[in-house]
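Just so it is clear: chains get the letters A, B, ... in the order the sequence lines come, proteins before strands, and each one is counted from 1. Computed from a predicted model, the values in this text were never measured in an experiment.
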Number of protein chains: 2
Amino acid sequence: MTAKAASVDVTDGPAADAALSKAPRTERGKRTLRKLLDAAAAEFGERGYHEASISGITQRAGAALGTFYTYFDSKEQVFRALVDDMGRLTRQHIAERVTGTSDRLTAERLGLEAFIDFVRGHKDLYRIVMEAQFVAEDAYRNYYRVFAEAYRRNLVHASAKGEISPGHEEERAWALIGMSVFLGLRYAVWSDDRPAAEIAAAAAELITFGLSPHKGEGMS
Amino acid sequence: MTAKAASVDVTDGPAADAALSKAPRTERGKRTLRKLLDAAAAEFGERGYHEASISGITQRAGAALGTFYTYFDSKEQVFRALVDDMGRLTRQHIAERVTGTSDRLTAERLGLEAFIDFVRGHKDLYRIVMEAQFVAEDAYRNYYRVFAEAYRRNLVHASAKGEISPGHEEERAWALIGMSVFLGLRYAVWSDDRPAAEIAAAAAELITFGLSPHKGEGMS
DNA sequence: CCGAAACCTGAGTCAATATTCAACTTCAGA
DNA sequence: TCTGAAGTTGAATATTGACTCAGGTTTCGG
């Protein structure tokens, strides 16, 4: 829990949306910002957005209250930065574990397994994403919009290649994301004692064949 | 939006957990409690738990601030009452639209359609359920635990009758719930211009046959 | 070694609101 | 009409916590 958290590019990069004038200019500054970011992830992850306090963040970071405002404009701004970062991290982690996989059906299984593993290792950041629905709804919608769009593209592609049956790819994408999210919630956030591979295998069978009686499957 | 809301049994019944000494004893009292409950559903649904204020609730209800505490012990207590109520309402609504259906696969489609319709008609209450994850986590877990357990039982039953292939029913239950929740979020809460039946049909095909190429399906 | 820019500090300001409470009103039964 | 239980009222209390700011301290190029 309370994973190493954010890998928000402290210097610049696609994450540095709102940083602007608040970007650190010295080594010391970068270190402090990093500490604040990690502390914020831990504080928000453990206590939730509203219970979390800026003073809690700065205490964890070993800094003074005012220092927070050297790097961020508001409580909500850090929160949003963490949500965006989580999206980037998640996609990257899944992509790494799926690339090289030729067919979509296998990719589905590996992707889900990777997702569950990732959530298990980043419970605090994952909670932040979920809570974003109520704290920064646009950030939350965007998080899943990006996922769904990429997912849909993969499905269209796989369908064209005949790897999967043609269907309504957008609805499929959202349905599959929902599956992952709830399996992640149940088997990663709420309890993580079952092997991720088992969960992924069970779900993969559902995703592949559906519920209809089909021959060949073993009993149980 | 802001549906007629809670049907919390104002008098007694399975919902009256915490009411106890706070239950109204006269007609006037029942009316006031009803107004407060509806107002609370609207306030929480529109503004979210933390933005919502007791004074906002009493204003909507056309009552004085103090009146709230005649019927509730705290802000969180009303919130929990609404979450529990939502679970009861949802299960009831879906059950009504599914009973009489003989086979599970048809029930899946009708159930999802009913769920989407229900969410569309109770956006404010539905938001309350989702936010419960961060305000009253035990109530949230319970909400889905009850769903998942009932779902699993249905699957086991259907599997025994040969209506569906045997599989890991618990994981399946959670996966299917996740599907519904996200399709509901995307096509009911965020946008509700597509017919619920269309969404349900698309998802039902995925649930029934999975993604694997199977013969018989038309294109697109 | 200097001086200015960059950083850091934490007490104090300020607004918001959950909850309390003592006084007041309504109303049914005697 | 009288009485008390039930219900209503809203000003007052108490707490909490985001954000400000007027100084100190550290860093670093020259």
For A:Tyr126 and A:Phe115, take the angle between the two ring planes, folded into 0 to 90°, and tell me which bin it lands in: parallel under 30, tilted 30 to 60, perpendicular over 60.
perpendicular
Q: State whether the side chain of A:His122 and the backbone N or O of A:Phe118 hold a donor-acceptor pair below 3.5 Å, judged by distance alone.
A: yes
Discussion item. At 4.0 Å (heavy atoms only), tell me whether B:Ala52 reaches a base, stays on the sugar-phosphate, or touches nothing.
Written reply: sugar-phosphate
With the side chain defined as heavy atoms from C-beta on, A:Arg28 is closest, among C:dT9, C:dA6, C:dT17, to C:dA6
In whole angstroms, the gap separating P of C:dA16 from NZ of B:Lys75 amounts to 14 Å
request  = Under 4.0 Å between any heavy atoms, over every strand shown, what does A:Thr67 touch: base, sugar-phosphate, or nothing? Just pick one.
outcome  = base
Whole-Å distance, B:Lys35 NZ to D:dG7 P, equals 14 Å
Between CD1 of B:Ile57 and P of C:dT17 the distance, given in whole Å, is 12 Å
Atom CD of A:Glu76 and atom C1' of D:dC19 are separated, to the nearest Å, by 15 Å
Could B:Lys22 and B:Phe72 be counted as a cation-pi pair, given that NZ or CZ must be under 6.0 Å from the ring centre and within 45° of the axis? no
Query raised in the report: D:dT8 phosphate, OP1 or OP2: any side-chain N/O from B:Thr32 under 4.0 angstrom?
Result: yes
Whole-Å distance, A:Ile54 CD1 to C:dC14 P, equals 20 Å
Rounded to whole Å, the CZ-P distance (A:Phe79 to D:dG17) equals 17 Å
Salt bridge between A:Arg97 and A:Asp117, side-chain N to carboxylate O under 4.0 Å?
yes
- request: Walk me through it: do B:Asp85 and B:Arg88 pass the test salt bridge (Lys or Arg N to Asp or Glu O under 4.0 Å)?
  value: CA-CA 5 Å; B:Asp85 193 49; B:Arg88 234 169 289 123; 3.3 Å; yes
B:Arg25 CZ to C:dG29 P, in whole Å, measures 16 Å
Item to complete: Describe the nucleic acid contact of B:Thr26 in one word from base, sugar-phosphate, nothing, applying a heavy-atom distance below 4.0 Å.
Response: sugar-phosphate
B:Tyr69 has its side chain closest, among D:dT8, C:dA18, C:dC8, to C:dA18
In whole angstroms, the gap separating C1' of D:dT16 from OH of A:Tyr49 amounts to 15 Å
### Query
OP1 or OP2 of C:dC8 sitting under 4.0 Å from any side-chain N/O of A:Tyr71?
yes
Applying a 4.0 Å non-hydrogen cut-off, can you work out what B:Leu65 is touching in the nucleic acid: base, sugar-phosphate, or nothing?
base
